[in-house]
Amino acid sequence: MSLQNFLSALDSLKSEAISTLDSVKDADAFEAARVKYVGQKKGALRDIQKQMGSVAAEDRKSAGMRLNEVKQAIEAAVNDAQNRLGGGGGSDSDPTFDPTLPGVRPNIGHVHPITQTISHLTEIMGRMGFEAAEGPEVEDPWHNFVALNIPEDHPARDPLDNFYLATAQTGDERRNEEGSRLLRSQTSTVQIRVMENRQPPIRVISLGRVYRPDDPDATHFPMFHQMEGLLVDTHVTMANLKTVLRVFATNYLGGDVEIRFRPSFFPFTEPSVEVDFLWDGQWIEFGGAGMVDPNVFRAVGYDPEEVSGFAFGLGVERLCMRRHGIKDIRDLYSGDMRFLSQF
Ligand code: PHE
């Protein structure tokens, strides 16, 4: 075959292939065109490549170059056609698809308001150097009571006020024994766990669930969350405690929040206080606090002559509810999307 003939055969193959591929309307037509032009066995490109053997030797180089150009152009047309049909889901030929109609809005999930509050509190306290610590929700009496200076006959250990777990040989009479377990009633357990594992200085918070057998009403729920704080160092004072809580309250509730301490009692702090924040002209109790009791330091092997510290425990639901104007704690746990999706 002369070079001239070979080149003009290439040209007509190129224009025929491209115009066919450009106008295919569905997957079947595309597949037929693909096989016809670039099929491995009997494709037209393949055929014409074989004919190159009959072109005079000195012309083969230019014949080859042109063949490559044509091959690339046809392959590009194959890709274009494939994208056009595949990418749009056949949209331009599908009469049931109307791109001008509004789409179906996907239902996007989001983080529960209490979880959002926990992240927010963690961030505020993190800026003051408090690191987050965690402890188990199923606790032993040592961490929930004994190490916190809560003696065996203390009313806080009453089975009516705690969720003791029934194990094979654990009855009421055994609840104070080594092997008994309960759902923790306070996050103060984490104070003990942290101090047992580290040396001062310590500056931690712990945010998590606690459990108490309360009947649910607008302000009570048998499961709720607390933010525990613990700072242990040398020469720690109540002024330090009050400052940290004031800075915290100002950050979380906004404005220049006033804070008030009322004398109280907790077995693990001495002195102990109830913490109130002035919110919308009203004093509201957010939790308890105090200076870590020397007996607690002794229980974890610290020397109370050397170190001092403060601890506090605030109600997370209470903070979240105040900030967002939520009136009933049960709304948080009802799973009702009409309520939850507002946050
Ligand atoms: N654990 C106490 C409670 O649940 C709160 C508290 C924590 C008080 C730390 C003092 C210090 O009521």
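Counting convention: from 1, in listed order, for ligands and their atoms alike.
In the vicinity of Phe268, heavy-atom distances shorter than 4.0 Å reach the ligand 1 atoms 1 (N), 2 (C), 6 (C), 7 (C), 8 (C), 9 (C), 10 (C), 11 (C). Heavy-atom proximity to Phe312, at under 4.0 Å, picks out these atoms of ligand 1: 7 (C), 9 (C), 11 (C). In the vicinity of Gln226, heavy-atom distances shorter than 4.0 Å reach the ligand 1 atoms 3 (C), 4 (O).
In this structure, a donor-acceptor pair under 3.5 Å is present between the side chains of Glu16 and Tyr37. Glu196 and Trp142 share a donor-acceptor pair across their side chains, judged by distance under 3.5 Å alone.
The nearest protein atom to atom 1 (N) of ligand 1, hydrogens excluded, is given as Gln186 OE1, 2.8 Å; this is a heavy-atom distance. Distance from atom 5 (C) of ligand 1 to its nearest protein heavy atom, with residue and atom name: Gly313 CA, 4.1 Å.
The main-chain N or O of Val111 is never found under 3.5 Å from a side-chain atom of Thr115 such that the two would form a donor-acceptor pair. A distance-only check finds a donor-acceptor pair linking the side chain of Arg323 to the backbone of Tyr252 [under 3.5 Å]. At least one donor-acceptor pair under 3.5 Å links the side chain of Glu317 to the backbone N or O of His225. No donor-acceptor distance shorter than 3.5 angstrom exists from the side chain of Thr187 to the backbone of Met227, with no hydrogens or angles considered.
Using a non-hydrogen distance threshold of 4.0 Å, Ala289 registers as a contact of ligand 1. The shell of residues lying under 4.0 angstrom from ligand 1, judged by heavy atoms, excludes Met291. At a 4.0 Å cut-off, not a single heavy atom of Phe310 sits close enough to ligand 1 to count as contact.
Using a 4.5 Å heavy-atom threshold, the side chains of Asn162 and Phe145 count as touching. Thr234 places none of its side-chain heavy atoms less than 4.5 Å from the side chain of Ser308. Side-chain contact between Ile326 and Phe343: present, with at least one pair of heavy atoms (C-beta onward) separated by less than 4.5 Å.
When non-hydrogen atoms are compared, ligand 1 lies under 4.0 Å from the side chain of Arg212 (C-beta onward) but not from its backbone.
Annotation: Glu228 places no N or O atom under 3.5 Å from an N or O atom of ligand 1; distance criterion only. At under 3.5 Å, a nitrogen or oxygen of Ser188, whether backbone or side chain, sits near a nitrogen or oxygen of ligand 1. Among the atoms of Thr269, none of the N or O lies under 3.5 angstrom from an N or O of ligand 1.
Across Ala311, Gly315, Ala156, heavy-atom proximity to atom 11 (C) of ligand 1 is greatest for Ala311.
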